[in-house]
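Heavy-atom basis, side chains included; hydrogens, waters and symmetry copies ignored.
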Amino acid sequence: MSKICKALALLPLVLSAGAYSQTTTLYAQNFNSPATTSCTAWGGSGSDSSLSSDYNGPGQIGTATFTQVGTADRVCWNTALNTDPEGIATPYSGGFARNGATVESWAIAFDPQGKPFINGQLDLAHVTPGNLNGIAVPTNYPGTANSVQMGLRFFRIPSGSSFSLTAGAATAVGAPANPANLVISGASQTPLPESGLVAVTKDASYSRYAADWSTHQFSVDTSSFGPGDRLAVVGTVIENLTYIVFDNLVITSDDIPANPPSISKIFGATQVNPGQSTTLTVDVTGNSISPVSGLTITDNLPTPIVVGSGGVISNTCAGTLVAAGGSNQIQLTNGVLPATGCQLQVEVQWPVTAVAQCSGAPVTNIIVDGTDFTVGSTATAGTNAQATLACPAPATPPQVSVSCTPSILVDAPGQVSSCVVTLNVSQAADLTVNLQPPASSTRYTSTCQNSIVISSGSTSANCTISATANSVAGDGDVTATLSILDSASYTIGVKTASVEIRNDDEAVTPSAPTSVPTLGLQSLLALSLLIGLAGFVGFFRNRKQ
């Protein structure tokens, strides 16, 4: 069976694709009317590192041998087994088939010349499933589908290496075939993540020479390739009883630079209180070309931050993400970085036990590019991810003091002392001050209770101590004491105030009685004569008038 049969020429830059990018034609098998000389050199600028291979299934005849003459690529084939699908360039065409256990593949490897292979396209012009060389009759083609699938896989060929193709693992007849393996030094290689399937269109009549003219676009990031490394493109027929022939094969590349993957991170809040959680978001940018496997991220959280009880919130980076509550490490392994990037979100917390570390100064969380962050062998941006989180320093509590004026009362009516609990600065909310009120006593009453509230915006609150009026002499003096109790809400300036209630009722002691002087008998008779004489004289004076 004939295989790829056109010269594969590495051509210079042929087309500008805009002010910021250019399209390079890397390989072109695009000859509708070539010369018919077998095994000729088709000209063009060849590459000493270009390789090609055509895999023949067991029992197949015919081969295509790719060699170089000077600097020109060329292909030799068995002319008896090749037919141009257009019928105008016999025998210059290529084909490969799936017929039962026989699965054929082809491969081309080329040097991307230091360019990232971005927005490339494989133009399989004039591709058709056909009934060629007796593989099958048209009625045996499966169903009425208007397309068949072709495996398209990509491999990195290290500089100086050669490769060959081997059949993929066998499948049952009638089941889709496995794509071919690319082998270097006896070892099957791992295909690049951009590998997949493309649909090759049939025409309605399953014509032997129907044209497809579809352009199958693909992108492969080769920015990490070293000098001389090559990109191999391997095609395999997947569906049974299918023969795909093609006339033109054009591979191009846009030289838009690949974006190196980069990492960044941010906390959902710039600061949290002890025991409070926030969301840590880690963003990874892709290369804008294709997914890349081998993504690893290790985030060693700075002391005292730990993973919160909620653990992992979301993960769009695939792989295994470990973030156990209470741990200080977040780790992603075996991740896959999509072309558009991915994101991790984890709940983190400033533990309530770390209140002593709340100073207002932030702690810095760093993911080191190249150490904590890698994407397989892909070169990354080299910029560390960094974010900070702070726990605010505890607010300075206000200072509370107490005083009572006057500090001395007597046990008389109207004797009242006003006690004032004061703040050194007003507060935005009401502040409750815990008190030890005066002990119960019959000598005074008090409105000071177990607590007192200083209203928001105010700096004081009042209560009173009143003396109990009485007239009991000798009941002594007593002291009423009001104290402020400790609290985390405030500090204490003057803790205690006292009011003395004094007794003002003094007892009056009566003095001894004074003796009345007395006259003797003779003195008493003389006094009586004098009083009588005075009365007689007064009587006669009144008569003369």
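- Contact annotation: the side chain of Val494 never approaches that of Ser403 to less than 4.5 Å [non-hydrogen atoms, C-beta and beyond].
- The two residues Gln276 and Gln349 make their nearest non-hydrogen contact at O-CG, 3.5 Å.
- Thr340 is linked by a side-chain hydrogen bond (donor to acceptor under 3.5 Å, both in side chains) to nothing, counting only residues two or more places apart in sequence or in another chain.
- Ion pairing between Asp411 and Arg502 fails under the 4.0 Å rule for side-chain N and carboxylate O.
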Do Gln345 and Thr279 pass the side chain to side chain donor-acceptor pair (under 3.5 Å) test, and can you show the C-alpha distance, the side-chain angles, and the key distance before you say yes or no? CA-CA 7 Å; Gln345 287 193 316; Thr279 298; 5.8 Å; no

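- Screening residues 341-390 for disulfide bond (SG atoms under 2.5 Å apart) gives Cys317-Cys342, Cys358-Cys391 as the qualifying pairs, with residues at least two apart or on separate chains.
- In this structure, Phe155 and Ser195 have side chains that are not in contact, with every pair of non-hydrogen atoms separated by 4.5 Å or more.
- Between Asn328 and Ile305, the shortest heavy-atom distance links the atoms CB-O, 4.0 Å.
- Annotation for Ile366: atom CD1 counts as buried by contact number, over 12 foreign heavy atoms lying within 6.0 Å.
- The two residues Pro406 and Ser417 make their nearest non-hydrogen contact at O-OG, 2.6 Å.
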Take Ser262 and Thr383, measure what side chain to side chain donor-acceptor pair (under 3.5 Å) needs, and give me the verdict at the end. CA-CA 7 Å; Ser262 62; Thr383 303; over 6 Å; no

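- Ionic pairing of Lys265 and Asp299 is present here: one or more N-O contacts between side-chain nitrogen and carboxylate oxygen are shorter than 4.0 angstrom.
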